[in-house]
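First comes the structure, then the notes that go with it.
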Amino acid sequence: MAETTTAEKGSSAAKRRTLLGAVFLMATSAIGPGFITQTTEFTVQLGAAFAFAILVSILVDIAVQLNVWRVIGVSGMRAQDLGNKVVPGLGYVMAALVVFGGLVFNVGNIAGTSLGLDALVGLDAKIGGTLSAVIAIGIFLSKKAGVAMDRIVVVLGVVMILLTAFVAFSSAPPVGQALVQAVWPSEVDFLAITTLIGGTVGGYITYAGAHRLVDAGVTGPERIVDVSRSSVVSLLVTGVMRLVLFLAILGVVAGGVALTSANPTAEAFQHVAGEFGMRLFGMILWAASITSVVGAAYTSVSFLVTFSPKLERSRNWLVVGFVAISAVVFLLLDKAPTTLLVLAGALNGLILPVGFGVLMFVAAKRRDLLGGYRYPRWLLIVGVVAWLLTVYLGYNALGGIAALWK
């Protein structure tokens, strides 16, 4: 009896660790260098009114992720496999778009790690980027890569939030004004809202947590409660980080400080806490970037491994190769490839309505792929409304592609 109890406790602990890892994998994948830059820029532009955009984007993101995680979790199949079941060959197209977007953005993520280590300890950009790539590779070369990844993203995710919350508290932001603006904004910026949504549930980020649960075997109708709760918590973690970063910058801006440097986030942190603030910024940026490197590599490769048993057996080496190629491109270009980032962003904007549309079709019409599970009508309606918004986002993404031809 004692042995059974011990085994059950171990199994329960492993389940909690996997669920928590999936939550933070999705959240930290979304919280990258671009996340920090966007939040800072929109806070400077909109001030307290940016709170409304944050609130709306979180609600829409939850609607998207509730559906994505439930369809993938109940079916036990990754998004690209469902795509091939719906329209033969569609899954391969989805995989190609996600992998390309993830690879290019990973170059930007590694660039972010180099900037973070430069601000933290004054390390040369090339050395910092290479060292960070080696750390990410080390995670996937460990014998228990899944457990190591789950623990790393949870620890660094918590560190990011706590450090940013410290700066937010120190900057003394006008919290009351932000609360009022969250529900009664003096200005509504739809570009800010669509940008936040695309940056939080666009491209590979949409599937990061859900694919992790599939790999861990947390699937089936009997796991709906766990899957649904995890999907919401992952967005709330992202929202908390967005909120505390917004408040940190808002406190500085509301105090009359003009953030005019090329790196306004670092400038704001330095204003609040001097040299120590700069070091804090470096730690936060490095943590945000390295976890995004891990998330992008893991999720992008998860779109490839189901196409062949050989690929599945070589999963960790594929992830290592993914990170290594990203690092080599970073070293050769010596900076984030701006044009490719625009193209990758546009493609991520396009894959969102395509991939999400496939999952909503499965929810509405393919109960056979869900093991006969009857999808809740209210969730289906919420998902369709959210999908229409992603179509609008995808249409806007076409502008990024058009800009490359000018």
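Below, all heavy atoms of this structure are taken into account, side chains as well, without hydrogens, waters or symmetry copies. Nothing here was measured: the structure is a model prediction, and the numbers come from that model.
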**Asked** Should Ile249 and Phe269 be marked as a side-chain contact (heavy atoms from CB on, under 4.5 Å) after you check the CA-CA gap, both sets of side-chain angles, and the distance that decides it?
**Response** CA-CA 8 Å; Ile249 306 301; Phe269 277 49; 4.2 Å; yes
[X] side chain to [Y] main-chain N or O, any donor-acceptor pair under 3.5 Å?
| X | Y | result |
| --- | --- | --- |
| Ser300 | Leu103 | no |
| Asn84 | Gly91 | yes |
| Trp387 | Pro353 | yes |
| Thr390 | Phe356 | no |
| Ser289 | Trp286 | no |
| Ser228 | Val225 | no |
| Ser314 | Leu311 | no |

**Step-by-step side-chain contact (heavy atoms from CB on, under 4.5 Å) determination, Asp150 to Leu20** = CA-CA 7 Å; Asp150 290 341; Leu20 192 61; over 6 Å; no
Heavy atoms only: give me the nearest [X]-[Y] pair and the separation to one decimal.
| X | Y | result |
| --- | --- | --- |
| Ile36 | Thr40 | O-OG1, 2.9 Å |
| Ser302 | His211 | OG-ND1, 2.8 Å |
| Leu247 | Ser171 | O-OG, 3.5 Å |
| Val218 | Val227 | O-CG2, 4.1 Å |
| Leu25 | Ala208 | CD2-O, 3.6 Å |
| Lys126 | Phe330 | CA-CE2, 4.3 Å |

To the nearest 0.5 Å, tell me how far [X] [atom1] sits from [Y] [atom2].
| X | Y | atom1 | atom2 | result |
| --- | --- | --- | --- | --- |
| Ile135 | Thr130 | CD1 | OG1 | 11.0 Å |
| Leu162 | Leu280 | CG | CG | 11.5 Å |
| Leu163 | Met283 | CG | CE | 7.0 Å |
| Tyr298 | Asn316 | OH | CG | 9.5 Å |
| Gln65 | Thr238 | CD | OG1 | 8.5 Å |
| Leu245 | Thr164 | CG | OG1 | 6.0 Å |

Under 3.5 Å donor-acceptor pairs involving side-chain atoms of residues 181-190, not counting sequence neighbours:
from   : atom 1 : to     : atom 2 : distance (Å)
Gln181 : OE1    : Ser186 : N      : 2.8
Gln181 : OE1    : Ser186 : OG     : 3.3
Asp189 : OD1    : Leu191 : N      : 2.9
Asp189 : OD1    : Ala192 : N      : 3.0

Side-chain contact test, heavy atoms from C-beta onward, threshold under 4.5 Å: evaluate it for [X] versus [Y] and give yes or no.
| X | Y | result |
| --- | --- | --- |
| Val323 | Val293 | yes |
| Ser292 | Ile31 | no |
| Ile284 | Val159 | no |
| Leu213 | Leu19 | yes |
| Asn263 | Phe281 | yes |
| Leu82 | Ser75 | yes |
| His271 | Leu259 | no |
| Val64 | Leu235 | no |

**Request:** Mind running side-chain contact (heavy atoms from CB on, under 4.5 Å) on Arg367 and Tyr373 for me, showing each step along the way?
**Result:** CA-CA 6 Å; Arg367 286 182 61 186; Tyr373 171 71; over 6 Å; no
**Message:** Can you confirm if the aromatic rings of Phe303 and Tyr207 lie within a centre distance of less than 6.0 Å?
**Reply:**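 For Tyr207 and Phe303, the ring centres are under 6.0 Å apart.
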**Prompt:** Taking NZ, NE, NH1 and NH2 as the nitrogens, is one of them in Asp215 or Arg212 under 4.0 Å from a carboxylate oxygen of the other?
**Reply:** no
**Request:** With side-chain contact (heavy atoms from CB on, under 4.5 Å) as the test, would you mind laying out the steps for Leu66 and Leu379 before giving the verdict?
**Result:** CA-CA 8 Å; Leu66 266 176; Leu379 188 56; 4.0 Å; yes
**Message:** Which label fits Phe166 and Phe276: parallel for a plane angle under 30°, tilted from 30 to 60°, or perpendicular past 60°?
**Reply:**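 Judged by the thresholds at 30° and 60°, the geometry between Phe166 and Phe276 is perpendicular.
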Throw together a table of side-chain donor-acceptor distances under 3.5 angstrom for residues 44-51, partners on residues two or more places apart or in other chains.
none

Solution key, residues 111-120 side-chain donor-acceptor pairs under 3.5 Å, sequence neighbours excluded:
from   : atom 1 : to     : atom 2 : distance (Å)
Thr113 : OG1    : Ile110 : O      : 2.5
Thr113 : OG1    : Ser132 : OG     : 3.3
Ser114 : OG     : Ala111 : O      : 2.6

**Asked** Looking at Gln80, Arg78, Glu312, which hits side chain to side chain donor-acceptor pair (under 3.5 Å) with Thr306?
**Response**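 Only one option passes, and that is Gln80.
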